[in-house]
Visitor: 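Here it is, the structure in full.
Order of listing sets the numbers, starting from 1, for every ligand and every atom in it.
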Amino acid sequence: MNAPAPCRPPADLRFPIYLDYGATTPVDPQVARVMCDFLTDKFGNAASSSHPFGWEARRAVEHARTQVAGLVGAQPGEIVWTSGATESNNLAIKGTAHALRAQGRGKHLITVATEHKAVLDTMNTLEKSGFDVTYLQPGTDGLITLEQFRAALRPDTLLASVMYVNNEIGVIQPIAALGELCAERGIVFHVDAVQAAGKIVIDLTRLKVDLMSFSAHKVYGPKGIGALYVRHNPALTLEAQIDGGGHENGMRSGTLATHQIVGMGEAFALAGQLLAEEGQRIRALRDRLWQGLAELPGVQLNGSAEERVPHNLNVSFPPTRYGTLASQLLGIAVSAGSACNSAAAAPSFVLLAIGRSPEVARNAVRFSLGRGTTEAEIDYVVATVRQVLAHDAIDGTA
Ligand SMILES: Cc1ncc(COP(=O)(O)O)c(C=O)c1O
């Protein structure tokens, strides 16, 4: 038997269909327009304090700082520019761990087994230099509990790092309650909010979070730029991970990438304007997708059905005779795990950590929806999945 013929697409669909917004997003045209000026005309160095080219760049950088801070309830002075969230996570975790150990404050760190590699590998490096790390195992819903977190605390715990929204399964951790616990115990609390920014409301005036990581390219901004929120608190010390000219109050040296920074600022401002309406629209599309898939035999949703962002649906399908379903969704860009792990054939460590079998994990598809997703695309995806599975069932009985 041959592999199934693809569904006939409606004329108004554009291929390939992109349903991998969790990996990255296109730069919004409004963002790209703002950036262009800062590559050509407004090319000054924000550190040049003696002439108008530098003043103009400095003003733009500070305006962008206000825009990023505005989306998350921070003060502009609490935003430190980085090259992306990988760097933000490194700076937050290594910077705190080293600074506090130097003060003799302890050597214990807490994180979750399903964090992004930018956190897990950072923790791993710290273990090699003598820190103790506890990796909390989430439940089958992908979430950790307060009891579990409380039980892991030690008198020498310095820092906890828990992601807001998981990049593979989209679940939302109980950040507000965890922050309260950390604040009571004087533990520095870091949150990787890359997959939360622009998707759910983040209000740092209410959350007891000390450090929060952001990336522009998940929010319709450019790649290669991110930020770390560092709460104004004289007791909070961070050891710089990149030394040089003392930029960003000595926390991160290097000439500021003005065009990237203004892009991130514009992208975050736009995300704030669109958040409520876009969230509602994407939730309806995600529900339509799930309605189309849920009743198919052997289909399982990965992660909590309730505590999740609208933008993510991670689903395991039964294996087919031609391999995984993901490999047969021709013309549809989805991910079998996170972008950073999809090169590896191994099943997703996140799905294994929430108790899925290697086979179920290997047959998972992450559908991540975004600003460009349409109803016609969702209907085509549902029809394609149904056709692949129906064809497989006929083949199987032949
Ligand atoms: C949750 C999470 N943290 C960190 C990162 C790394 O971000 P960046 O690509 O900006 O280094 C990603 C990107 O995949 C992510 O999804």
Visitor: Quick test of your reading of the model: are E78 and R231 salt-bridged, counting only N-O distances below 4.0 Å?
Guide: no
Visitor: Decide, yes or no, whether a salt bridge links R366 with D20 under the criterion of side-chain N to carboxylate O below 4.0 Å.
Guide: yes
Visitor: Check this for me, if you would: do E180 and R185 make a salt bridge, where the nitrogen-to-carboxylate-oxygen distance has to be below 4.0 angstrom?
Guide: no
Visitor: Short list, please: which atoms of ligand 1 are under 4.0 Å from a heavy atom of H217?
Guide: 8 (P), 9 (O), 10 (O)
Visitor: Is there a side-chain contact between M163 and N167, using heavy atoms and a 4.5 Å cut-off?
Guide: yes
Visitor: Give the contacting part of K223 toward ligand 1: side chain, backbone, both or neither, where contact means a heavy-atom distance below 4.0 Å.
Guide: neither
Visitor: Is there a nitrogen or oxygen of E87 sitting under 3.5 Å from a nitrogen or oxygen of ligand 1?
Guide: no
Visitor: So that I can tick it off, tell me whether R58 and E62 are bridged by a salt bridge, with the cut-off set at under 4.0 angstrom between side-chain N and carboxylate O.
Guide: yes
Visitor: Looking at E375 and R288, is there a salt bridge between them, counting it only when a charged N and a carboxylate O are closer than 4.0 Å?
Guide: yes
Visitor: G84 heavy atoms, cut-off 4.0 Å: which ligand 1 atoms fall inside?
Guide: 10 (O)
Visitor: Just distances here: any N/O of A118 and N/O of ligand 1 closer than 3.5 Å?
Guide: no
Visitor: Within the 4.0 Å heavy-atom shell around M163, which atoms of ligand 1 are there?
Guide: 1 (C)
Visitor: With respect to atom 6 (C) of ligand 1, which of D192, T86, V165 exhibits the smallest heavy-atom separation?
Guide: T86
Visitor: Kindly confirm or rule out an N or O of N167 lying under 3.5 angstrom from an N or O of ligand 1.
Guide: no
Visitor: S215 heavy atoms, cut-off 4.0 Å: which ligand 1 atoms fall inside?
Guide: 8 (P), 10 (O)
Visitor: Less than 4.5 Å apart, any side-chain heavy atom of T258 and any of K42?
Guide: no
